[in-house]
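My structure is below; once you've seen it, I'll send some questions.
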Amino acid sequence: YYITNNLRQIMMSDPGKDNNYGSITDPILSPSPADDMTETELSEMADTAANTDPLKGSNNLPEEMELNKVYETIGVGTSQGIFWTISFLIAYSDYAELTLIALIMPYLRCEWDLTETFEATITITIFFIYAISALIFGKVSDIYGRKRVMSVTIVILVITAVGAALATNKYIFLVWRSIAGACIGANFATVVVYSTEFSPTSHKSVGPLISLMGSYVSMFLVNIVGYFAINALGWRWVIIIITIPIIPGWILLMIMPETPRYLCVSGKNEAALKAVRLMAKLNKASLPENLEVFCHQNKQLGSFKMILGSGSEHRKPAVLLSIMYFCNIFIETAVLVFLPLAFISQFCGGESGAPERDRCQPLSQSDLWKLSGSAFGSLAGCMAAYFVAKCLGRLKPTRGSNILQIITFGLMFKCFNDTYLFGVATVIKIINAFICMMIWFIIPESFPTMIRNTATGMINSSGKLGAVLGTAMVYLLFYASPVAVVICFVVISAITCICSFLLTKETQDVALMDT
């Protein structure tokens, strides 16, 4: 500290002119003030020098800190709780729509005299638009931000719910639900990634768990609401009631900032710093006053070329995960549509051959209770996956559960009664939710932040194409040959099983390594 200040004053002085620090021509400087200092005073001087800019006197230098280190300093607390609540409520809307359509379809069939073809058209159109939306808005949210995309689509989603509830005919209903499908596709493709971007590495896996739990809780709640309300209030009120939980999610989303990791990777370090300071305040943690955050930046945000380009290391996992998620959602949606049809038509225990179609028979209270129970099985599978992944990793449990799923579908070839079908379907839902949770752990781990949402949108899009084909398969085949539906289940399960074994590279760490 003494020498640098000496040199500064010497350089500012005239050559050859004597001063208190000696002469630039004098090889011997005057005695240092440090000669008369105690050891304690010297130590304090050294500490001061460490935080001093020699050219600016005593101003402190900015303290740079990598974003994940900032998260570790902040800790896990209120701020993450708010972000996770937002993720839960937004993800809730995804499977709520899947379940809602299956639940109200018998009532729409009766009220508007729907044919099998138009029933399939409603569901297929919604999911196809969902798939396109997920593909597009995955890239859009990588470029323009997670918060901006979701804040707009949630508002539109609420409007479409009211519009669908007031629909006077099947065509108006189809238009409103198609717009809703686009909004949900954008939301779910974004929210899973959003849920991983505000926590330290050790807690990143909580985000996908919370998001998928929101999806499966919605399946359970939709059926519970249906159990108590659909026969009493009608399907229109059920649509309104089911949409309400996403509104507080939007309010919290508007209050909280964009995720610091997205801001930092986008080069918006000042905005990222403001966001982490707010998080620290909510968590009652302290950060250095002169803090500057940094993380790896890349200008190619949302580049599909980085994922699928020639020689890309991300191409193989992207393709395999897309196929696995396609098969996973194919099964999830097909089972969701299959169960109400099977209960209404008395598929189990009846005479052999195609079941009879009752044009205006609603679901009984007993049927609604069975659907709620099977949805609870999905929630149980989701929770189990989180704890298994912590202990055993991702790939081995995924492969084992795929094999078990094939075996379980084989039990559906002989259906004795509705209770038996309910039991088998619940086990399938547990296994399928387990696999889905594992996939959502693997996806954020497999891609860097700058293309994470683009890749997620692409994979999620493939899943909704699976929903399109799964729904079409059930509606078109069930009344012709229910056994053919079960055969399709087995074949699709085998495909996802093969892909899980081809996905040979385990993710970097079971705790979601910071990419």
Side-chain angles (χ1 to χ4, degrees), residues 47-48 50-87 90 140-152 190-204 206-207 210 249-302 444 447-454 511-515:
D47 292 338
T48 303
N51 294 306
T52 302
D53 184 348
L55 300 179
K56 295 183 180 180
S58 60
N59 293 334
N60 288 338
L61 285 171
E63 182 176 340
E64 292 189 345
M65 191 180 295
E66 204 280 326
L67 186 59
N68 199 59
K69 294 294 182 183
V70 176
Y71 285 157
E72 291 174 359
T73 303
I74 293 172
V76 177
T78 303
S79 63
Q80 281 84 6
I82 295 173
F83 277 120
W84 284 330
T85 302
I86 294 170
S87 302
I90 294 176
V140 169
S141 65
D142 266 341
I143 298 173
Y144 296 105
R146 319 326 189 186
K147 177 180 176 178
R148 184 178 298 179
V149 169
M150 293 191 293
S151 61
V152 173
T190 303
V191 74
V192 176
V193 173
Y194 175 88
S195 68
T196 68
E197 294 185 342
F198 46 75
S199 303
T201 299
S202 57
H203 285 76
K204 279 186 180 178
V206 177
I210 295 293
W250 179 83
I251 295 172
L252 290 174
L253 181 68
M254 299 306 295
I255 293 173
M256 296 299 285
E258 177 64 90
T259 62
R261 178 157 295 283
Y262 171 78
L263 292 170
C264 193
V265 172
S266 302
K268 302 174 183 177
N269 286 18
E270 287 298 321
L273 180 59
K274 290 180 181 179
V276 296
R277 287 202 181 281
L278 175 60
M279 292 177 64
K281 183 177 180 180
L282 291 171
N283 287 11
K284 297 181 179 180
S286 59
L287 291 172
E289 292 183 4
N290 56 338
L291 176 68
E292 284 190 3
V293 297
F294 74 93
C295 53
H296 302 295
Q297 299 179 19
N298 193 299
K299 295 181 180 179
Q300 299 182 53
L301 291 173
F447 305 95
T449 305
M450 57 231 172
I451 57 170
R452 187 176 290 162
N453 213 77
T454 300
L512 276 159
M513 287 294 291
D514 189 351
T515 54

Which atoms form the tightest heavy-atom contact between Ile82 and Leu282, and what is the distance?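 Closest heavy-atom pair between Ile82 and Leu282: CD1-CD1, 4.2 Å.
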Name all residues meeting the side chain to side chain contact (heavy atoms under 4.5 Å, CB included) criterion together with Leu253; count only those two or more places apart in sequence or in a different chain, and write none if there are none.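 With sequence neighbours excluded, Leu253 shows a side chain to side chain contact (heavy atoms under 4.5 Å, CB included) to Ile86, Ile90, Lys147, Met150, Ser151, Ile154, Tyr194, given in chain and number order.
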Are Ser199 and Val206 close enough that some pair of their side-chain heavy atoms sits under 4.5 Å apart?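 Sidechains of Val206 and Ser199: no contact.
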Give the minimum heavy-atom separation between Thr73 and Ser286, together with the two atoms involved.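 Heavy-atom minimum between the residues: CG2-O, 3.9 Å.
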Say you draw a straight line from NZ of Lys281 to CD1 of Ile74; how long is it, rounded to the nearest 0.5 Å?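 These two atoms lie 13.5 Å from each other.
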Could you tell me which residues satisfy side chain to side chain contact (heavy atoms under 4.5 Å, CB included) with Lys274, sequence neighbours excluded, listed by chain and number?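 Scan of Lys274 (side chain to side chain contact (heavy atoms under 4.5 Å, CB included), adjacent residues dropped) gives none.
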Any side-chain heavy-atom pair from Met256 and Thr85 closer than 4.5 angstrom?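 No, their side chains stay 4.5 Å or more apart.
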Supply the atom-to-atom distance Glu197 CD to Ser87 OG, rounded to the nearest 0.5 angstrom.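 Here the interatomic distance stands at 10.0 Å.
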So, are Glu258 and Lys268 salt-bridged, with charged N and O less than 4.0 Å apart?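 Answer for the salt bridge query: no.
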So, for Ser141 and Thr190, which heavy atoms are closest and what is the spacing to 0.1 Å?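 Taking Ser141 first and Thr190 second, the nearest heavy atoms are OG-OG1, 3.6 Å.
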Closest heavy-atom pair and its distance - Gly77, Gln80: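 Scanning both residues, the minimum pair turns out to be N-OE1, 3.0 Å.
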Yes or no on side chain to side chain contact (heavy atoms under 4.5 Å, CB included) for Thr196 and Arg261, after CA distance, side-chain angles and deciding distance? CA-CA 9 Å; Thr196 68; Arg261 178 157 295 283; over 6 Å; no
Any side-chain heavy atom of Val76 sitting closer than 4.5 Å to one from Pro200?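 Counting from C-beta outward, Val76 and Pro200 do come under 4.5 Å.
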Quick check: do Tyr71 and Pro260 have side-chain heavy atoms less than 4.5 Å from each other?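 Yes, side chains in contact.
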Specify the closest pair of heavy atoms between Asp142 and Tyr262, including all atoms of both residues, with the distance to one decimal.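 In this case the closest contact between Asp142 and Tyr262 is O-CE1, 3.2 Å.
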Locate the shortest heavy-atom distance separating Trp84 from Ile210; write the atom from each residue and the value.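 Minimum heavy-atom separation between Trp84 and Ile210: O-CG2, 3.2 Å.
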